[in-house]
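A short write-up of the structure that comes next.
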Amino acid sequence: MKIAKAGRVAMSIEDSKYHTDKPHMDKSHLHYLLKQMLRIRHFEEKCAQLYTEQKIRGFLHLYIGEEAVAVGVMQTLSPQDAVLATYREHGHALARGLDMNKVMAEMFGKVSGSSRGRGGSMHIFDSERRFYGGNAIVAGALPLAVGLALADKMQGKKSVTVCFFGEGAVAEGEFHESLNLAKLWQLPVLFVCENNGYAMGTALAISESEQHVYLKAQSYGLQAQTVDGMNVVDVEAAAKQYCDAIRRGAGPHLLECKTYRFRGHSMFDTQLYRSAEEVKQWQDKGPIVKLQTWLQANKLLSSQQLQQIESEIEEEIEGAVEFAEQAEFEAESDLCWALYTEKEV
Amino acid sequence: MKIAKAGRVAMSIEDSKYHTDKPHMDKSHLHYLLKQMLRIRHFEEKCAQLYTEQKIRGFLHLYIGEEAVAVGVMQTLSPQDAVLATYREHGHALARGLDMNKVMAEMFGKVSGSSRGRGGSMHIFDSERRFYGGNAIVAGALPLAVGLALADKMQGKKSVTVCFFGEGAVAEGEFHESLNLAKLWQLPVLFVCENNGYAMGTALAISESEQHVYLKAQSYGLQAQTVDGMNVVDVEAAAKQYCDAIRRGAGPHLLECKTYRFRGHSMFDTQLYRSAEEVKQWQDKGPIVKLQTWLQANKLLSSQQLQQIESEIEEEIEGAVEFAEQAEFEAESDLCWALYTEKEV
Amino acid sequence: MSADTANSNKPAKRQENPSLTYREAMRLAMEEAMLADERVFLIGEDVGNYGGCYAVSKGLSTEFGAQRIIDAPLSESGFVGAGVGAAIGGMRPIVEVMTVNFSLLALDQIVNNAATLRHMSGGQFSIPLVIRMATGAGKQLAAQHSHSLENWYAHVPGIKVLAPATVADARYMLAMALADPDPVILFEHVMLYNNSEALPQPEDCPEMHQAALREEGTDISLITYGGSLGKTLQAASILAKQGISAEVIDLRCLRPLDTATIFSSVEKTKRVLVVDEGWRTGSLAGEICALIAEHCFWSLDAPPQRLCSIEVPIPYPQHLEQAVVPKVEQIVAMATESVVKLDTAQ
Amino acid sequence: MSADTANSNKPAKRQENPSLTYREAMRLAMEEAMLADERVFLIGEDVGNYGGCYAVSKGLSTEFGAQRIIDAPLSESGFVGAGVGAAIGGMRPIVEVMTVNFSLLALDQIVNNAATLRHMSGGQFSIPLVIRMATGAGKQLAAQHSHSLENWYAHVPGIKVLAPATVADARYMLAMALADPDPVILFEHVMLYNNSEALPQPEDCPEMHQAALREEGTDISLITYGGSLGKTLQAASILAKQGISAEVIDLRCLRPLDTATIFSSVEKTKRVLVVDEGWRTGSLAGEICALIAEHCFWSLDAPPQRLCSIEVPIPYPQHLEQAVVPKVEQIVAMATESVVKLDTAQ
Ligand SMILES: Cc1ncc(C[n+]2csc(CCOP(=O)(O)OP(=O)(O)O)c2C)c(N)n1
Ligand SMILES: Cc1ncc(C[n+]2csc(CCOP(=O)(O)OP(=O)(O)O)c2C)c(N)n1
Ligand SMILES: [Mg+2]
Ligand SMILES: [Mg+2]
């Protein structure tokens with residue numbers, strides 16, 4: 001189903017530059033994208049609240065404002081593909097299909113959590129879904145992604161490994177080493193740089209002499225482009241184009257998604273490094289408001305449908321909180337379980 | 001004095017592309033360049049022999065074939081400038097003006113050596129000449145170079161810091177981090193990549209997805225170019241152009257010098273990774289034979305003059321060996337001296 | 001973040017001996033150093049615009065500008081190495097590596113350059129570098145953000161390692177580190193930043209390399225440092241109520257170790273328990289037990305004991321995190337056992 | 001380089017119990033592993049075309065091709081991390097980090113990923129990774145190339161650490177490491193590669209985590225590992241001539257430590273000297289002395305002693321390098337003193 005031409009809203013899905021490669025953008029898929037983004041948004045809003053209630057502790061890094069990136073990219077993946085992310089990975093986990101109950105239980109540190117509660121917000125894992133964390137060392141997952149892709153390639157698998165990281169990670173030596181290795185060995189990796197303009201309080205101009213991450217990637221011979229990370233359709237289209245190429249054997253690619261985090265870096269951030277106006281400007285072009293407004297303007301989303309989506313999400317989140325509340329903490333006696341493998345694998 | 005047009009020799013100094021910026025290339029300077037390269041060459045040939053006699057031990061990495069790089073670059077420096085190099089740094093030390101006696105004594109591990117004999121071949125230091133080693137960790141000196149340049153800049157000094165490293169070092173994260181920092185902070189650093197095509201036995205194509213190091217440097221916003229590292233005049237001209245720019249405040253630059261090592265990586269190398277023909281081809285365009293042949297063909301170097309140069313060098317080297325032989329080893333009781341500073345600096 | 005009570009414009013306040021937090025003390029020390037010596041500058045991730053990940057440098061960038069409070073990109077190896085270079089080049093850098101966890105990325109620069117270059121070059125130059133980093137567990141930050149690796153640094157000749165555990169030491173040890181001509185690493189335990197104390201006079205502070213007797217006692221020596229000092233002092237006061245007189249030694253300087261103070265305490269009390277948040281095997285506590293066994297063997301009335309962290313990546317949930325690190329009750333129990341066992345043996 | 005006596009095409013030779021060098025044994029083990037399991041591959045700097053910086057993998061790239069003997073660029077953090085990823089992804093990588101000196105650049109990947117991910121993810125996957133690295137001094141390579149940091153690795157929960165000190169262990173411990181489902185780090189002391197021995201049968205080798213009694217004795221336990229084993233055995237035979245019966249324990253596995261073997265030896269001999277090429281403060285030797293002091297306190301007849309390297313960056317000249325590391329005469333002297341002191345005390 002072709003999408004009706006946009007009216008007066010800013011976003012123009014028709015004009016999207018991946019016209020030919022555009023994935024199947026029917027109404028139900030757009031509803032699905034919206035729902036996924038809303039799920040993440042509301043899940044995290046709930047988490048923020050639970051944090052003030054001290055149900056969730058430690059560091060909590062919200063993805064609010066950046067949902068289009070994880071949701072868009074994840075659409076192009078199959079279960080055989082592998083995913084790695086950062087400490088800001090609730091969105092990726094949910095978009096990858098992890099059970100929200102388990103994710104919320106993880107936030108609570110409960111044994112029913114996706115990592116038995118041991119990892120918390122920053123370390124959500126699900127090896128069944130090939131979701132390999134949740135890494136709290138900036139750029140720490142990039143070498144792992146190279147290795148996972150190498151293993152897939154050596155085993156003749158057609159999988160893609162997707163590795164998400166912030167633009168702050170680009171300054172780390174691991175970025176450099178990993179891109180070079182991936183290209184040298186023509187590995188099936190999609191690097192996704194979530195360029196939200198800041199690494200904690202450090203603006204990109206303070207951390208990179210070359211501020212176009214996709215240009216940096218090209219200097220390693222990777223195919224790379226920048227995409228509007230606030231536009232889930234653009235993200236999906238670009239990711240699909242790249243994943244298809246990677247599956248055809250074209251080697252690693254990098255997608256730079258221009259985005260913004262609406263909240264502080266973590267719950268401790270006083271945000272002295274940016275103005276409220278700047279935040280407001282970005283919020284106005286947020287990924288959810290953008291898609292939702294466009295759908296509504298084009299009569300592709302009734303208020304009843306939206307209502308339905310919202311209430312399904314609310315129910316899911318309530319269920320997840322309930323699940324997490326009810327869940328047990330891991331017994332202290334199991335503290336050392338799985339430090340090493342019990343028997344041969 | 002203008003240099004006479006080259007005859008049938010391959011090298012064309014007239015055609016050298018740094019015509020306008022060309023340093024003062026009179027005959028005596030060319031003789032000086034030749035002599036410096038020959039000094040290094042013969043010094044190292046002597047070292048190789050002394051190695052088989054076990055006077056020199058440990059790792060010995062010869063610069064033979066690459067002399068034009070250190071000699072060319074060093075011409076543009078003043079005493080206030082700082083120099084850092086790798087474990088293949090005898091040539092740099094000599095070209096920087098370190099006393100050959102002390103360098104040879106260092107090779108012998110004697111207390112009269114430039115580092116009291118503690119460093120040996122890989123760790124020649126001379127803080128008076130701002131020669132900061134001799135670093136045996138590949139790419140380990142690049143962050144130091146950034147810091148030295150930062151200190152100079154903060155103190156309002158007009159110095160340039162020159163950092164030599166091999167093309168193998170380009171794959172290390174430290175290369176990436178250092179170039180970015182240097183450019184971000186517009187530091188007076190000249191990075192000199194000695195691209196001799198191999199990192200031990202690993203050809204450039206196996207270690208870099210982008211094999212043009214100068215292009216990699218440009219991706220950080222550095223001014224960068226590649227130059228024939230076998231042509232000492234070209235190297236000097238390019239280095240001068242860049243050092244001048246750096247002194248004018250134009251920030252860090254990178255010079256990629258295409259060169260070749262005629263010997264193995266160290267004294268243990270069986271060189272299975274390259275053919276004798278390849279080595280021969282490069283030897284034929286070696287920096288010394290090139291300059292010497294050109295000078296002779298243009299009647300700018302009489303056999304008497306060459307004889308004179310050679311015998312001065314022979315004398316210097318003999319003196320250095322004699323000095324090193326006579327020198328004492330550091331007393332075992334001084335082993336821990338200077339681990340910490342004895343009093344405030 | 002509590003308000004800043006340190007303010008260079010009101011020096012009078014300082015003389016009134018006000019109470020400060022550990023965080024404020026550390027900032028005051030940096031401010032003072034930067035005012036006193038223009039070669040001093042601070043560099044690290046988010047030390048400027050953000051104010052420091054633990055808000056230690058908050059306000060300094062306003063006071064000193066971006067030239068002296070330098071926000072570095074995420075390049076630990078790069079900017080730590082740059083700190084080494086800048087120190088060689090005549091500056092007095094304070095490099096903040098947010099936490100010890102990330103310092104692994106800079107270890108090569110610290111071990112192979114900072115610690116090595118002076119000796120290896122035959123003593124041609126010094127490296128007056130200070131590296132500050134947060135360390136330890138307790139904030140539920142999980143395995144990759146809760147390391148205690150002071151022992152690794154204390155292993156390396158050529159550097160010195162400090163662990164200020166009190167507000168006074170936060171206030172004065174940085175100055176000592178800056179006055180030292182060699183590389184000094186300062187560990188700030190994350191659980192200390194909000195601790196508040198009235199400051200003693202600088203003269204009342206022990207020298208940089210000296211351990212401090214935080215509590216005198218006769219029955220057992222409790223030796224500790226950094227984040228475990230508070231727990232150990234608590235334990236000592238519980239023990240006192242039980243009639244056990246515990247001496248508490250705060251190491252302060254982890255390299256070089258003040259063995260004279262350690263040994264004379266143990267010779268007196270004849271029993272020792274070392275409390276250390278590091279993982280047990282290969283811990284600094286192990287080193288201290290070994291030293292004591294070697295040097296005080298004939299004085300000991302009970303085996304030297306140590307209480308360390310359980311050897312496991314530190315989990316996120318509070319009960320598990322607390323299960324890993326040393327606890328007050330454990331200190332009390334082990335100290336009591338050590339003393340009581342002796343009584344039995346007699 | 002000595003000629004390769006190991007050859008997979010002549011299996012008969014193997015049964016003749018030929019003598020091999022340590023280097024050949026390690027290569028043979030890798031060759032065997034690669035023939036037996038196609039998931040095994042070798043990756044590292046110069047392992048292929050160059051044949052390995054210590055020539056351990058010489059010839060393997062011809063036999064297995066560049067797909068399974070992968071020459072990596074100078075990117076220690078990158079390719080060690082890639083090894084971790086590949087292990088998670090179903091392969092059985094052997095990562096060669098030329099030497100422990102360069103492993104500092106990869107420590108973050110080892111500590112925060114290899115050692116941590118399994119536990120932190122709640123045990124969802126294993127990381128069957130083997131990392132090999134050369135270690136130690138003795139070749140006059142100076143300060144940046146002579147480190148012994150086995151103790152640092154032995155400190156980290158989640159990994160296992162091996163130090164094969166004999167040709168037999170070089171031959172069989174790699175297979176054990178590969179059979180192990182978790183990350184294993186193998187340290188090969190640079191001075192061992194040319195050692196030559198006839199091989200025992202694999203059945204005669206202790207299990208991976210077991211220490212080996214290399215010499216039985218009654219007067220003192222000499223505990224050591226890796227490059228110091230040879231010196232310790234020499235010292236034991238000198239001691240024997242002096243009428244002192246020394247027991248020599250080769251730790252073999254540095255994490256987990258075989259404390260049962262250590263303790264039972266010390267309970268028997270009542271005296272102990274640990275010999276360890278690491279710097280003294282924070283050494284593995286310190287850990288072992290601490291363990292012995294804790295667990296064998298009442299059996300000890302003399303303080304636990306250790307002989308380690310002097311704490312200084314290792315200098316280039318032979319006489320200074322040798323002055324730093326443990327020497328046979330020192331072992332003899334310290335052991336004698338320990339035993340004689342006891343005699344005097346009695
Ligand atoms: C190696 C390392 N250094 C520093 C930190 C502390 N830190 C955590 S997140 C962060 C900023 C990262 O920014 P970016 O990569 O842009 O990701 P974002 O948070 O914006 O999503 C920093 C400095 C860390 N976790 N790891
Ligand atoms: C970090 C590190 N890894 C590995 C080595 C071992 N090594 C010494 S030199 C060398 C090759 C370096 O090649 P390149 O940078 O091109 O310099 P070249 O030797 O060709 O001058 C290697 C791998 C090292 N010294 N440091
Ligand atoms: Mg960011
Ligand atoms: Mg090279």
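Letters A, B, ... are given to chains in the order of the sequence lines, protein chains preceding strands, and every chain is numbered from 1.
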Fill in the blank from the handout: Looking only at C:Val324, C:Ile314, C:Leu320, C:Asp71, the option with the highest number of non-hydrogen pairs under 4.5 Å against chain A is C:Leu320

Problem - Residue C:Glu76 versus chain A: region with a heavy atom under 4.5 Å - result: both

Exercise for the section: Decide if atom NZ of A:Lys102 counts as having more than 12 heavy atoms of other residues, nucleotides or ligands within a radius under 6.0 Å. Expected result: no

Exercise for the section: Name the member of A:Gly120, A:Ala136, A:Gly109, A:Ser207 that forms the most heavy-atom pairs with chain C at distances under 4.5 Å. Expected result: A:Ala136

Practice task
Check side-chain contact (heavy atoms from CB on, under 4.5 Å) between C:Ala115 and all other residues, then give those that pass, not counting sequence neighbours.
Solution key: C:Val156, C:Ile159

Exercise for the section: Name the region of A:Ala139, side chain, backbone, both or neither, that has any atom closer than 4.5 Å to a heavy atom of chain C. Expected result: neither

Practice task
May I ask you to name which of A:Leu339, A:Asn135, A:Leu272, A:Val170 has the most heavy-atom pairs under 4.5 Å with chain C?
Solution key: A:Asn135

Handout entry: Part of A:Glu106 within contact of chain C (heavy atom distance under 4.5 Å)
Key = backbone

Exercise for the section: Can you tell which part of A:Met122 gets under 4.5 Å to a heavy atom of chain C, answering side chain, backbone, both or neither? Expected result: side chain

Fill in the blank from the handout: Turns out that what part of A:Ala203 lies under 4.5 Å from chain C's heavy atoms comes down to neither

Exercise for the section: Please tell me if the side chains of C:Arg306 and C:Arg280 come closer than 4.5 Å, counting only heavy atoms from C-beta onward. Expected result: yes

Problem - Atom CD of A:Glu328: over 12 foreign heavy atoms under 6.0 Å - result: no

Practice task
Check each atom of A:Leu204 against the heavy atoms of chain C and say whether the ones under 4.5 Å are side chain, backbone, both or neither.
Solution key: neither

Completion exercise
Comparing C:Ile310, C:Leu141, C:Leu105, C:Val312 against chain A, the one with the most heavy-atom pairs below 4.5 Å turns out to be C:Leu141

Practice task
Counting only heavy atoms closer than 4.5 Å, note whether C:Ser77 contacts chain A via side chain, backbone, both or neither.
Solution key: neither

Problem - Given A:Phe165, A:Phe131, A:Tyr87, A:Phe164, the one that forms ring-ring contact (aromatic ring centres under 6.0 Å, His included) with A:His92 - result: A:Phe164

Practice task
Taking atom CD of A:Glu278 as the centre, report whether more than 12 heavy atoms of other residues, nucleotides or ligands fall under 6.0 Å from it.
Solution key: yes

Problem - With A:Glu325 via side-chain contact (heavy atoms from CB on, under 4.5 Å) - residues at least two apart - result: A:Lys55, A:Phe108, A:Val321

Handout entry: Exercise: do C:Ser103 and C:Tyr153 side chains pair donor with acceptor under 3.5 Å
Key = yes

